[in-house]
Amino acid sequence: MNDGIQEDLKAARETCWINEQMYPFSEEKERLLLKREDIEDASKRLARFAPLIAKLFPETAKDHGMIESPLREIAAAKEELGKKCGELPKGRLLLKCDSHLAIAGSVKARGGIYEVLKHTEELALAYGILKEGDSYEKLLEYRDFFAEYKVQVGSTGNLGMSIGIMSAALGYQAIVHMSADAKEWKKKLLRARGVTVKEYADDYGRAVIEGRKLSDADPKSYFVDDEHSKDLFLGYAVAGERLKKQMEEQQITVDETHPLFVYLPCGVGGAPGGITFGLKQIWGDAVHCFFVEPVQAPCMTAALASDKGSGICVQDLGLTGKTEADGLAVGRASQLVYEMMRHVLDGAFTVEDKKLPGYMRLLNDTEQICIEPSSCAAFEGYTAMLHSPESTARYDEIMKKAEGATHILWATGGSLMPEEIRLELLGKA
Ligand SMILES: *Cc1c(COP(=O)(O)O)cnc(C)c1O
C-alpha cells in the first residue's frame, strides 16, 4: 500500500484511493470467478419466485412481485451541495433509492432475499415439493415443512432484517446474530416479525463466528455467510439489468462520451461489489464505480490498497471499526468481493461519521427523501471527487468536460426507520 494512503487510513483521515490496476472489463471478466450467466440464472430465479412474493408481500403486487426501487433525479439536492461543497463534477445527479426497496427497506433486499429464495428452491426440489414448471405459489402451503428448518445469519442490522423477514414469512425459524453496533430499533422490528435475535457484546465478526458455529451444529439449519456467499453477491448483481431498463426509460445514455459514475456505501463489500459487477456487465468501461467507507471501518479500501484482501483488517491499522454508520461497521472485507473487484473497481473514498447527518438533512430538506446515515456515505464520493488530488489527477478531464455524464448516489437503506429515530437524526426531535 502506498505510504500516503496507509498514513491517511491509520490516522482516520478522509482519503481517496484510486485503482492503478484497472483492466479493460472485456478482458477481466473472462478471468473472474463469476460470469454474466450466473447473474442471468439469479434473475430467472427471482422471476420464478415473483408470484409468490406478490402474495406474501402485497406491497410488491403492483410490480408483480419484483422488488425494485425508483431511480430519481435530485437536482435540488445537487444545487444545495454545490453551495456547500464547492465545485461538483459535471452532469446530472440521480439517487438510486434502494433505501426504499420493499420488504427490507435496504439494499439487502436484493442479496439477502435472493439467497433465502435460492435455498428454499433447493430444499423444495430435493423433497419433491416443487417440480420443474410448478407455480411457486404452491410453497405457501408448506409453511409447516419449512418450520422444521432454520435460517441463520450474522448481521450489523440490515442483512438480518432482509434474511429474517423473508425467512419468517416462508415459515422458517429465523435466527439473527447481531453485533453490539446493531441499532435497537432493528432488533425490535425483527422480534416483532417473529425472528429470534441473539446479541453479542463484541463486533460483527464475532456475531458471524458464533452464528456459523451454532448453525453448522444443526443439520436442519442454513447459514447465510455474508463474507463468502456467491448467492448474495449475485442477488445484488441483478441490479445491473434493472438499472439499465430504468436508464432507458429515462432516456439517459451511457457510453464512452456519456460516462456513468456510481458511488456505493461499502461494508463487507457484497452489496456494492455485486452491484458494481452487474453494472460492469452492462456498460463495461463506460461505468466507473467507487465505494465509500467510514474512516474507522475502511476494510475494503485497506484490502484493495494493500493488495492483502481479507488478510488485513482495520484493527491492524489501529482503527476501532466503530461507526455511527451501522451498516458499514465491518472490520474485514470479503475475500470473494476483493477478488472480484481487484481490477474492476475505479476507487474508494473514506468519510468521517460527523458529515453523515448533514448529508441526511440536505437530502431530506431538498428532496423530501429520508435515508439512513450509512446510506449517506455515497454523497462523499461525489462531493470529494474534484477535491482529492488522487481522483482529480485521473478524472479531472472527464469530470470537468463531460456535460453528458451521469452520477448516481446509491442510497442503501432507511425507509424502515421509525419516525422518532428519523426526527432525532434530522435534529428535529
Ligand atoms: C449492508 C449495507 C451496506 C453495504 O453492504 P455490504 O455488503 O456490507 O458491503 C451499505 N449500506 C447499508 C445501509 C447497508 O445496510
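The model shown is predicted, which means the values in this text are computed figures rather than measured ones. Each ligand, and each atom within it, is numbered from 1 in the order the structure gives. The figures that follow rest on heavy atoms only: side chains count, while hydrogens, waters and symmetry mates do not.
Residue Ser374 touches ligand 1 through its side chain alone, judged by heavy-atom distances below 4.0 Å. Contacts of Thr156 with ligand 1, taken as heavy-atom pairs under 4.0 Å, are absent altogether.
Using a 4.0 Å cutoff on heavy atoms, Pro272 counts as a contact of ligand 1. Between Val268 and ligand 1 there is a heavy-atom distance shorter than 4.0 Å. Contact analysis puts Leu328 in contact with ligand 1, with a non-hydrogen atom separation below 4.0 angstrom.
Of the candidates Gly413, Gly267, Ala329, Gly267 brings a heavy atom nearest to atom 4 (C) of ligand 1.
Residue contacts with ligand 1: Lys108 is placed with a nitrogen or oxygen under 3.5 Å of a nitrogen or oxygen of the ligand (distance criterion only). The shortest N/O to N/O separation between Asp226 and ligand 1 does not fall below 3.5 Å. The distance criterion of under 3.5 Å between nitrogen or oxygen atoms is not met by Val330 with respect to ligand 1.
Between the side chains of His228 and Gln335, no donor-acceptor pair is found at a separation under 3.5 Å. No side-chain N or O of Glu14 forms a donor-acceptor pair with one of Thr350 less than 3.5 Å apart.
Listed by number with element, the atoms of ligand 1 under 4.0 angstrom from any heavy atom of Gly270 are 6 (P), 7 (O), 9 (O). Listed by number with element, the atoms of ligand 1 under 4.0 angstrom from any heavy atom of Pro265 are 4 (C), 10 (C).
Here the rule is salt bridge (Lys or Arg N to Asp or Glu O under 4.0 Å) with Arg422, and of Glu419, Glu424, Glu420 only Glu419 fits it.
The shortest distance between side-chain heavy atoms of Ile53 and Tyr136 does not fall below 4.5 Å.
Below 30°, between 30° and 60°, or above 60°: for Tyr359 and Phe379 the angle between ring planes is below 30°, a parallel geometry. Ring-plane geometry between Tyr395 and Phe261 is classed as perpendicular, the angle between the planes exceeding 60 degrees on a 0 to 90 degree scale with a lower cut at 30.
With sequence neighbours left out, the side-chain hydrogen bond (donor to acceptor under 3.5 Å, both in side chains) criterion links Ser415 to no other residue.
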